[in-house]
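Working notes, beginning with the structure itself.
Computed from a predicted structure; not experimentally measured. Every chain is numbered from 1, with letters handed out A, B, ... down the list of sequences.
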Amino acid sequence: MAEIPILEIKSVSKRFTLQGQVIDALRDANLTVAKGEFICLIGASGCGKSTLLRIVAGFEGVTSGEALMWGKPIEGPAPDRGMVFQDYGLFPWLTVKDNIAFGPKSRGRPAGEVSATVDRFVDMIGLGKFANVWPHQLSGGMKQRVAIARVLANDAEMVLMDEPFGALDAMTRERLQDELLDIWQRTGLTVLFVTHSIEEAIFLADRVVVMEPGPGRIASEVRIELPRPRDVSSPEFNDVRRMLGARLHSHHAPKAA
Amino acid sequence: MSDLTLTAPIPTVRRPSAALGRLRQFGLALIVPALLLLGWHLAVKAGMSRLIPSPYAVAEYMVDFAWGGIWDDAFSATLHQHLLASASRVYGGFILAALVAVPLGIMIGRVPLVRDLLDPFLQLMRPIPVTAWLPLSMILFGLGATSAFFLVFLGAFYPILLNTIFGVRGVEPRLFEAASMLGCRGNAQTFKVVLPAAMPSIFTGLRLGLGLAWFVIVVGEMTGVPQGLGAVIMDGRTLSRTELVICGMIVIGIAGYLSDRVILALMQRALRWSPQHHG
Ligand SMILES: Nc1ncnc2c1ncn2[C@@H]1O[C@H](COP(=O)(O)OP(=O)(O)OP(=O)(O)O)[C@@H](O)[C@H]1O
Ligand SMILES: [Mg+2]
């Protein structure tokens, strides 16, 4: 199977210089993602999860190493990789509809096609009644739905999500997790999803990538073999949770004194 | 100078929704002017100043100024001519200032080369009060309307420019990221992201600029123009016709106020998307 993976991170390092201080946000990270995979990135604050996602998005360049999509180096942001930000990043002056239409319009799609796409995605996220309201009139969960629809409507092959549900209440988060899985299963998207919640990672991912800080790096990968839909209260789920928790904590344990 | 302090973005006033609240607000707003009017009336009656006409004399003169039929002098029934002359200079100068300052502000905010080229120069010119330009503008444009127009332009220019730059520099970086991952890059972002995101600041600048345009018009019309409210005030002074001076002041006040209301309404309509502005 010499198939080209959708994403390849090859010994990528990223160094920031902040007020004279050198920060190794990412050191020698390696990750290969196949099309259609659901990957969760988890790890302590500052271990480079956002940095890795932003490199894939094309918002940041690498200091060394290579980030390849379909075997080609990533050069800047493009519609094939859509980012869903924790703070939504919606355009406040555009209505729900126009936010979703922004991508297709920017890419010069004909008006008829744009409006058909918009209608389809407004329906999909269940915001038909809110199609013509502005973002500040929506709840956090609704805004995040719009943000997701916005990248899907733009034919993104890969969706990059940086703690997208972090700011939402537990019930809304669960709803959105279900909806996201549903979309993912129907569309064959590839998802890179950053989370702080072990449970969320196990519930969603095909593979959980555990990262460690100082310098930021990929510590290990865990394939989640649990059948879907997953039951968070099942003993099997709990076993995985315990194993992953132990792994995270061992990474976080203070260095031997 | 006053234009320096006025250029800071001002918060918009939220109106209470209840009709009763609005009535109360209206009543409260009337108290101070009414007291002032009363004080003025009493002061004149007590003979404190023989040079200041009574409120009634001014009101009478205002009627004559607007419709004629009382004094029938050179100023009777000429208000509309003067108002039209001033308003056309105010709006002409203001619109020209907006047409120059908004694009320039966007370029200064967006393009480092333009910023390095123009910003130091503009900052250096900024502290010079509009009034100080008067002699030079008379030399450059002669005695007349062009000079007034130029001064209004200058007065409105800086608040619009500075607020536009402020708005452009303040666009959330996140929005550029969002636009570029959606396929909107480079120059397209200027119109699709920068302009709408900076719109609240631009409107603040337009509002301040229009206010200043009315402020400057008196100075502008001191340069020997035959018509205009500033000219009326100057003529009133030369002829020692204080009631004429006061009438000119009142008309400028009302015209400036109404034009601010109009731009405020436009602003609230255009910025309905903004939680700070929808009214
Ligand atoms: N633009 C930047 N300039 C300087 N340093 C940066 C920049 N972006 C990130 N860093 C640094 O890189 C390190 C990794 O940051 P990153 O945001 O990737 O962490 P994270 O894993 O996403 O953390 P969190 O879970 O808190 O979001 C941090 O030490 C951070 O200070
Ligand atoms: Mg982060």
Pick from B/E177, B/R185, B/K192 with the largest number of heavy-atom pairs that fall under 4.5 Å of chain A: B/E177
A/D182 with A/R186: basic N within carboxylate O range, under 4.0 Å: yes
Ion pair A/D87/B/R174, N-O distance below 4.0 Å: yes
Contact origin within A/R150 toward chain B - heavy atom pairs under 4.5 Å: both
Cationic N near anionic O, under 4.0 Å, A/E163 to A/K49: no
Side-chain heavy-atom pair B/M181, A/V151 within 4.5 angstrom cut-off: yes
Note: A/R207-A/E37 ion pair, threshold 4.0 Å (strictly below): yes
Interchain contact, A/L90 with chain B, by part (heavy-atom threshold 4.5 Å): backbone
Atom group of B/A188 that falls short of 4.5 Å from chain A, counting heavy atoms: neither
Options A/P92, A/G103, A/A57, ranked by heavy-atom pairs under 4.5 Å with chain B, top entry: A/P92
